[in-house]
Amino acid sequence: MSKQFYITTAIDYLNGPPHLGHAYEKVITDVIARARRSLGREVFFLTGTDEHGQKVQQAAQAEGTRPQVYADRLAAQYQALAAKLHLSNNDFVRTTQPRHQAVVQAMLRKLHDRGDIYKAPYQGFYSTKEETFLTGKDRRPDGTWDPFWGEVAEVVEENWFFRMSRYQQWLTDYIQADPSFVQPDYRRNEVLGFLRAEKLEDLCISRPVGRLNWGIPIPFDPGYVNYVWFDALTNYYSVPAALGDPAAVQPLAGYLPPPASGPAAPELWPADIHVIGKDILKFHAVYWPIMLQATGAPLPKQVLVHGWWQKDGQKMSKSTGNVVDPLAVIDEWGVDAFRFYVLRELDIGPDGNWTDAGFQARYSAELANGLGNLVNRSLAMLKRYRGGVVPARHDELAPDAGKVVAEVQALLEKNHLQAALVGVWSLVTRANQYVDHTAPFKLAKDPAQAKRLDEVLYNLAETCRVLAVLLWPFLPNTAARIFAQLGLSGAPDQFSAAAWGGLPAGHALGEPAPLFPRKDPPAAAKP
RNA sequence: GCCAGAGUAGCUCAGGGGUAGAGCAGAGGACUCAUAAGCCUUUGGUCGGGGGUUCAAAUCCCUCCUCUGGCACCA
């Protein structure tokens, strides 16, 4: 067994139902996972939910229920989203799972023994009403507190701290030495920028149980629960460790019970890519590598940072109502149309802007009229003129297809998903041009042109097959439907099958049907 | 405020000393296999303002304007 390609999404905090941002991050991660599998790697794709903390505790309280009951209900929504997006995740981690908590506690004990965790007084301004410490940012310019916070008192309480500050220089050197550790480059520059400008402080990692009890207990101090960092970030590591991955288990030797001997443990750690949103960059590019370094565990190879979506040029917010509900879009347009729009519209990195008009334009122009119509016209002609039986191989479009296949492979290996889609569509366009230039519908009227018609029809059908293979990581449903319409069994899930000439002569097609039905706009009301 | 980055066709953006580019949108045309889709042709820009360097600037320099991102817990 060899090291798998291990990729993760951020885990979602259960403070509300899933929205576009959650769905987007999962789609790009899924495409990378599927692409690597298609290119021959064994892949482990992890997503999950972050279930502890004050907001969950309070939300449960407000409903008069226990936090675990509340968390179960919300987590089910996120699992349903994963299914609805057709994610190919191999596991779904929940931070309330015992397998996760055991690893978190093991890591804390090791760091405590090593002296990287210490207890100290924490001084701050505490709002009893909101049950939270306030920071300087919450203070108004004149130094007073907004009445929203109620009575604010200066409080000193003991807490546990992680000795992060001593790793600042090491981390700076590390990131400087490895340009691919944080991507895109401008995010890496941001990290280096504040590592240069600000002094890292030690991290407060606990809360007294009197204030917060919905958390993983600090194993060496029953008066405290763990606060966020060692709980949430550690999910990436706890799942491999719980599965018995030697690279994850070994650094915690003596702190974790030895894994039950069972089926061969997967080799996952270190993660190849953590896909995250720009809002949690610092935690993943600063806190997390330091936590791992202190633990003596290898660091993930890359933190890949995506941007946020706006709607119609404005920040999405529940109060203004300009939100995009991914589930509603999928119900109306299909999951592949949703995946296509977010992948084609926005490159990984910058912020994007969702517009319904833009969505419909891409659906209509690129999916229905471009890809869908190409497959439909190609297969319909093969059915009509040749009874749906594939003619002898002919290679007229092979060079064009081969060029696109090579280009898309190179782009997939660099996770340039948007550019890869542009590349795939260049083959769609090429094939549509080919139909017009060769005019098989005219050839069909002249019996003397029968051989030429065979050649053209083969090139078109084979191009459709190649397209299915190329599209698999992005639009798995559509790729599978193209295969089915070509009468091919199995899934187009191996990139090597994109090599020209896979359709055998004499093979019988399935039944052609539009892949993306035209959506006529509702009858425009004329004034 | 500080640190990055960006202003190029109606829209989204590429180009980075030598005759302004692509996709979409718009206009026109020939066709008819197909989801009235597709294909071909085409209109359109003093490259944010001003100054400078140069034989030559969208490109390099200065300056101003505007916008965006980041500056420690919202995907």
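The sequence lines fix the lettering, A, B, ..., with proteins before strands; numbering per chain opens at 1. Keep in mind that this is a model prediction, so the values were computed, not measured. Heavy-atom basis, side chains included; hydrogens, waters and symmetry copies ignored.
- To the nearest 0.5 Å, atoms OG1 (A:Thr429) and CG (A:Leu374) are separated by 9.0 Å.
- A:Arg384 comes within 4.0 angstrom of sugar-phosphate atoms only, judged by non-hydrogen atoms across all strands, and of no base.
- The side chain of A:Lys278 lies closest to B:rG70, out of B:rC33, B:rA34, B:rG70.
- Nucleotides B:rG44 and B:rC11, compared at atom C1', are 13 Å apart to the nearest Å.
- With values rounded to the nearest 0.5 angstrom, A:Tyr385 atom OH is found 9.0 Å from A:Leu443 atom CG.
- Atom pair A:Arg362:CZ and B:rA25:P shows a separation of 11 Å (rounding to whole Å applied).
- Atom C1' of nucleotide B:rA75 and atom CD1 of A:Ile11 are separated by 13 Å, given to the nearest angstrom.
- Nucleic acid contact for A:Pro440: none, since no nucleic acid atom lies under 4.0 Å from a heavy atom of the residue.
- For A:Lys55, no side-chain nitrogen or oxygen approaches OP1 or OP2 of B:rC74 to under 4.0 Å.
- Residue A:Gly21 is classed as a base contact, given a heavy-atom separation below 4.0 Å to a base.
- For A:Tyr24 and A:Trp309, the gap between ring centers is short of 6.0 Å.
- With rounding to the nearest 0.5 Å, the separation of CZ in A:Arg481 from CG in A:Leu486 is 12.5 Å.
- Taking atom C1' in both B:rU43 and B:rA25, the straight-line distance is 12 Å, to the nearest Å.
- Rounded to a whole Å, the CD atom of A:Glu366 is 16 Å from the C1' atom of B:rU35.
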Under 3.5 Å between N/O atoms: give me all the protein pairs with nucleotides 8-10 of chain B, atom names plus distance.
none

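- Counting any heavy atom pair closer than 4.0 Å across all strands shown, A:Arg196 reaches no nucleic acid atom.
- Note on ring orientation: taking the six-membered ring where Trp is involved, the planes of A:Tyr236 and A:His284 are tilted (angle from 30° to 60°).
- As a whole-Å value, the separation of A:Lys282 NZ from B:rA75 P is 13 Å.
- Within 4.0 Å of A:Glu198, counting heavy atoms only, lies at least one base atom of the nucleic acid.
- Remark: the separation of the P atoms in B:rC62 and B:rG21 is 29 Å, to the nearest Å.
- Listed by chain and number, the residues in a side chain to side chain contact (heavy atoms under 4.5 Å, CB included) with A:Gln485 are A:Val375, A:Leu379, A:Pro512, A:Ala513, A:Leu515 (sequence neighbours excluded).
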For nucleotides 38-44 of chain B, give me every protein contact, N/O to N/O, under 3.5 Å, one pair per line with atom names.
from   : atom 1 : to       : atom 2 : distance (Å)
B:rG38 : O2'    : A:Arg377 : NH1    : 2.8
B:rG38 : O2'    : A:Asp436 : OD1    : 3.3
B:rG38 : N2     : A:Asp436 : OD2    : 2.6
B:rG38 : N3     : A:Asp436 : OD2    : 3.4
B:rC39 : O4'    : A:Asp436 : OD1    : 3.2
B:rC39 : O4'    : A:Asp436 : OD2    : 3.3
B:rC40 : OP1    : A:Gln433 : NE2    : 3.1

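- With RNA chain B read from its 5' end, the first of the two nearest nucleotides for A:Glu345 and A:Gly307 is the one closest to A:Glu345.
- Between the CG atom of A:Asp50 and the C1' atom of B:rC74 there is a distance of 13 Å, given to the nearest Å.
- Judged as a side chain to side chain contact (heavy atoms under 4.5 Å, CB included), and not counting sequence neighbours, the contacts of A:Asp312 are A:Thr355.
- When distances run from any side-chain atom of A:His19 to the nucleotides B:rA75, B:rG70, B:rC33, the shortest one goes to B:rA75.
- The local environment of CD in A:Gln176 is crowded, with over 12 non-hydrogen atoms from other residues, nucleotides or ligands closer than 6.0 Å.
- Note on A:Ile280: only backbone sugar-phosphate atoms sit closer than 4.0 angstrom, heavy atoms only; bases stay farther off.
- Checking B:rA34, B:rU35, B:rG69 against every side-chain atom of A:Ala380, the shortest atom distance belongs to B:rA34.
- Comparing B:rC71, B:rA75, B:rC73 by their closest approach to the side chain of A:Trp309 singles out B:rA75.
- For the ring pair (Phe, Tyr, Trp, His ring centres under 6.0 Å) with A:Phe340, the lone residue among A:Phe516, A:Trp425, A:Phe359 that qualifies is A:Trp425.
- Using a 4.0 Å heavy-atom cutoff across all strands shown, A:Tyr227 reaches at least one base atom of the nucleic acid.
- Across all strands, A:Tyr385 comes closer than 4.0 Å only to sugar-phosphate atoms, never to a base (heavy-atom distances).
- Closest approach to the A:Met381 side chain among B:rA72, B:rC33, B:rA34 is made by B:rC33 (side chain taken as heavy atoms from C-beta onward).
- The gap from the P atom of B:rG10 to that of B:rG16 amounts to 23 Å, rounded to the nearest Å.
- Using a 5.5 Å limit on the distance between ring centres and a 30° limit on the angle between planes, the aromatic ring of A:Trp308 counts as stacked on the six-membered base ring of B:rA75.
- For the pair A:Ser238 (side chain) and A:His100 (backbone), a donor-acceptor distance under 3.5 Å is absent.
- The base of B:rA75 is not paired with the side chain of A:Tyr13 by any donor and acceptor separated by under 3.5 Å.
- Remark: A:Leu467 CG to A:Leu427 CG distance equals 4.5 Å, nearest 0.5 Å.
- If you measure from atom CD of A:Gln360 to atom P of B:rU35, you get 21 Å, rounded to the nearest angstrom.
- Atom CG in A:Asp312 sits about 16 Å away from atom P in B:rC11, given to the nearest Å.
- Relative to the side chain of A:Pro514, the nucleotides B:rA72, B:rC31, B:rU35 differ in distance, and B:rU35 lies closest.
- The CG atom of A:Asn459 sits 20 Å away from the P atom of B:rC33 (whole-angstrom rounding).
- Counting non-hydrogen atoms under 4.0 angstrom, A:Phe194 reaches nothing in the nucleic acid.
- Rounded to the nearest 0.5 Å, atoms CH2 (A:Trp354) and NZ (A:Lys311) are 9.0 Å apart.
- Here A:Leu379 lies out of heavy-atom contact (under 4.0 Å) with every strand.
- Of the listed residues (A:Tyr363, A:Tyr341, A:Phe338), just one forms a ring pair (Phe, Tyr, Trp, His ring centres under 6.0 Å) with A:Trp333, and that residue is A:Tyr363.
- Comment: A:Arg339 engages A:Asp30 in a salt bridge, judged by a side-chain N to carboxylate O separation of less than 4.0 angstrom.
- Residue contacts shown for A:Gly372 include a base, since a base heavy atom lies under 4.0 Å away.
- Closest to the A:Phe441 side chain, of the nucleotides B:rU35, B:rC33, B:rC73, is B:rC33.
- Within the nucleic acid shown, A:Lys199 comes within 4.0 Å of at least one base atom, counting heavy atoms only.
- With sequence neighbours excluded, no residue forms a side-chain hydrogen bond (donor to acceptor under 3.5 Å, both in side chains) with A:Arg384.
- Here A:Ala10 lies out of heavy-atom contact (under 4.0 Å) with every strand.
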(message) Only Watson-Crick and G-U wobble pairs with both distances less than 3.5 Å should count. Give RNA chain B in dot-bracket notation, marking inter-strand partners with |.
(response) ((((((((.[[[[.)..(..]]]].((((.........)))).....[[[[[..)....]]]]])))))))....
